[in-house]
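None of these values were measured; they are calculated from a predicted model. We count ligands from 1, going down the list as the structure has it; atoms in each ligand are counted the same way.
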Amino acid sequence: MARAQTVLAIDLGGTKMLAALVRGTEIVDTRRMPTPREGDPAQWLTALFGAITGWRGAYGHVGAAVSGIVDDGHWSALNPKTLDIPDRFPLTRTIEQLAGVPVLAANDAQAAAWGEYAFGAGSQENMVFLTISTGIGGGIVLNGRLLKGLAGHFGQSRSAEWPDETLEDRVSGHWIAKEAAPHQSGATARDVFAAHDQHAWARRIIETSAERTALLCRNIQLALDPKRIVIGGSIGLAEGYLAAVERALEPVPPRLRPSLHAAALGENAGVIGIADLAERQQNLRENQR
Ligand code: BMX
């Protein structure tokens with residue numbers, strides 16, 4: 001078996017950018033910064049690489065997990081409210097210029113799904129991963145294969161009830177903060193969780209989000225019958241959220257009820273997953289030589 005190499009793993013989401021030096025499943029070092037709300041992805045990436053110049057030479061390739069869809073190394077937003085990316089931004093080329101080594105790029109939630117499948121709560125069984133965060137992302141691993149492209153983008157699903165909005169517009173961290181505004185001006189999703197014990201309005205918002213997530217999990221179970229649904233993301237892992245989803249699933253008959261698990265790798269699922277995917281791709285390249 002090939003020895004684990006050090007990979008520079010990047011997780012670029014709607015709220016934060018995380019860079020990590022990863023060896024196997026070990027996180028050797030990390031840097032994080034908020035995702036800028038201005039400028040373009042080339043500027044964001046330049047800022048991130050500016051913070052890790054000292055890591056140059058420590059890694060031989062890069063894995064980049066990003067919010068949005070990546071096709072042939074080009075990055076686009078599905079929901080610009082989650083992260084506004086110009087259509088078909090040349091992601092791998094831009095990072096290759098900054099890093100000077102080969103790059104593999106993928107969707108953030110698909111990368112995290114792979115991380116949880118291979119090393120975390122997925123236990124290498126057929127599984128679906130859901131990240132409930134700024135948006136709602138997801139990834140599907142069936143028979144040991146991570147499905148690519150649009151597969152797992154459950155946050156983009158629509159219903160007749162809100163035809164002009166996506167599911168994530170009604171569930172995610174953005175929605176939670178928006179619903180809280182009339183009760184507490186400027187509240188973030190994190191503030192709503194902090195207010196949960198004292199305020200009925202905060203409990204109601206979190207429960208409504210959790211009930212919608214529970215409904216999504218029921219539908220996923222019927223579509224794919226995964227052994228596990230693993231829940232991650234800053235909202236998904238916030239105290240009390242998963243328990244609220246489980247409560248909403250109690251009336252579901254046992255055969256139809258999904259088996260939910262908290263993401264075991266926490267916020268590192270994306271960097272660990274993309275590091276492993278990048279390393280596998282690198283090993284493939286080397287074996288073909
Ligand atoms: C959105 C979509 C997904 C992403 C998910 C979670 C964009 C920019 N992103 O559904 O690709 O996986 O959000 O993203 O269209 P996060 O930024 O909340 O981690």
Side-chain angles (χ1 to χ4, degrees), residues 9-20 32-41 44-45 48 63-71 73-89 91 105-117 128-141 146-159 162 165-178 188-190 193 209 212-213 216 220 229-238 241 263 265-274 277:
I10 293 170
D11 190 346
L12 206 161
T15 305
K16 68 161 196 319
M17 307 194 285
L18 176 66
R32 75 182 55 234
M33 54 175 71
T35 309
R37 299 316 294 178
E38 274 132 36
D40 65 29
W44 311 339
L45 289 163
L48 188 62
V66 295
S67 183
I69 184 159
V70 181
D71 283 322
H74 289 82
W75 181 20
S76 307
L78 289 171
N79 187 349
K81 281 184 267 177
T82 300
L83 190 59
D84 198 2
I85 307 141
D87 215 28
R88 288 190 61 79
F89 175 80
L91 179 64
N107 168 260
D108 57 354
Q110 290 174 346
W114 182 256
E116 287 293 336
Y117 164 80
V128 168
F129 172 79
L130 282 180
T131 173
I132 320 286
S133 53
T134 320
I136 294 190
I140 303 168
V141 184
L146 172 67
L147 305 193
K148 309 267 177 63
L150 283 172
H153 271 91
F154 302 106
Q156 303 307 307
S157 53
R158 289 172 192 258
S159 73
W162 323 298
E165 289 177 292
T166 61
L167 179 70
E168 70 184 356
D169 289 336
R170 293 286 180 145
V171 179
S172 68
H174 264 168
W175 178 80
I176 291 175
K178 200 172 83 195
T188 61
R190 190 188 291 260
F193 278 91
S209 168
R212 291 174 182 163
T213 297
L216 170 62
I220 289 172
I229 298 182
V230 176
I231 309 277
S234 53
I235 306 295
L237 294 175
Y241 192 84
L265 306 178
E267 71 160 13
N268 291 328
V271 285
I272 290 176
I274 196 67
L277 292 168

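In this structure, the side chains of Ile136 and Ile235 stay at 4.5 Å or more apart for every pair of heavy atoms. For the pair Val66 and Ile85, the minimum side-chain heavy-atom distance is 4.5 Å or more. Side-chain contact check for Leu48 versus Met33: some heavy-atom pair is nearer than 4.5 Å. Contact of the Ile272 side chain with the Trp114 side chain is not registered, since no non-hydrogen atoms from C-beta on lie closer than 4.5 Å.
Closest to atom 17 (O) of ligand 1 among all protein heavy atoms lies Gly14 N, 2.7 Å. Closest to atom 1 (C) of ligand 1, if we only count protein heavy atoms, is Glu168 OE1, 3.2 Å.
Just one of Asp108, Thr134, Leu78, Leu12 meets the side-chain contact (heavy atoms from CB on, under 4.5 Å) condition when paired with Leu83; it is Leu12. Of the candidates Arg170, Lys81, Arg158, Glu165 forms a salt bridge (Lys or Arg N to Asp or Glu O under 4.0 Å) with just one, namely Arg170.
Separating the CZ atom in Phe154 from the OG1 atom in Thr166 is a distance of 14.0 Å, to the nearest 0.5 Å.
Residue contacts with ligand 1, taken as heavy atom pairs separated by less than 4.0 Å, involve Asn107 solely via side-chain atoms from C-beta onward.
In summary, the atoms of ligand 1 found under 4.0 Å from a heavy atom of Gly13, numbered by their order in the structure, are 17 (O). The distance from ligand 1 to the heavy atoms of Leu83 drops below 4.0 Å at these ligand atoms: 8 (C). Residue Leu78 approaches ligand 1 through these ligand atoms, each under 4.0 Å from one of its heavy atoms: 7 (C), 15 (O). Contact atoms of ligand 1 toward Ala77: 15 (O) (distance under 4.0 Å to a heavy atom of the residue). Heavy-atom proximity to Thr134, at under 4.0 Å, picks out these atoms of ligand 1: 18 (O).
Using a 4.0 angstrom heavy-atom cutoff, Ser67 counts as in contact with ligand 1.
Comparing heavy-atom distances from atom 5 (C) of ligand 1 across Ala109, Pro80, Ser172, Gly137 singles out Gly137 as nearest.
In terms of polar-atom proximity, defined here as any N/O pair under 3.5 Å, Gly68 does make such a contact with ligand 1. The N/O atoms of Asp108, backbone and side chain alike, include one that comes under 3.5 Å of an N/O atom in ligand 1. Considering backbone and side-chain N/O of Gly135, one or more are found under 3.5 Å from N/O of ligand 1. Considering backbone and side-chain atoms alike, Thr82 places every N or O at 3.5 Å or more from each N or O of ligand 1.
Ser76 meets the side-chain hydrogen bond (donor to acceptor under 3.5 Å, both in side chains) test with Asp87; sequence neighbours excluded. For Ala9, the side-chain contact (heavy atoms from CB on, under 4.5 Å) partners are Val22, Val271, Ile274, Ala275, not counting sequence neighbours.
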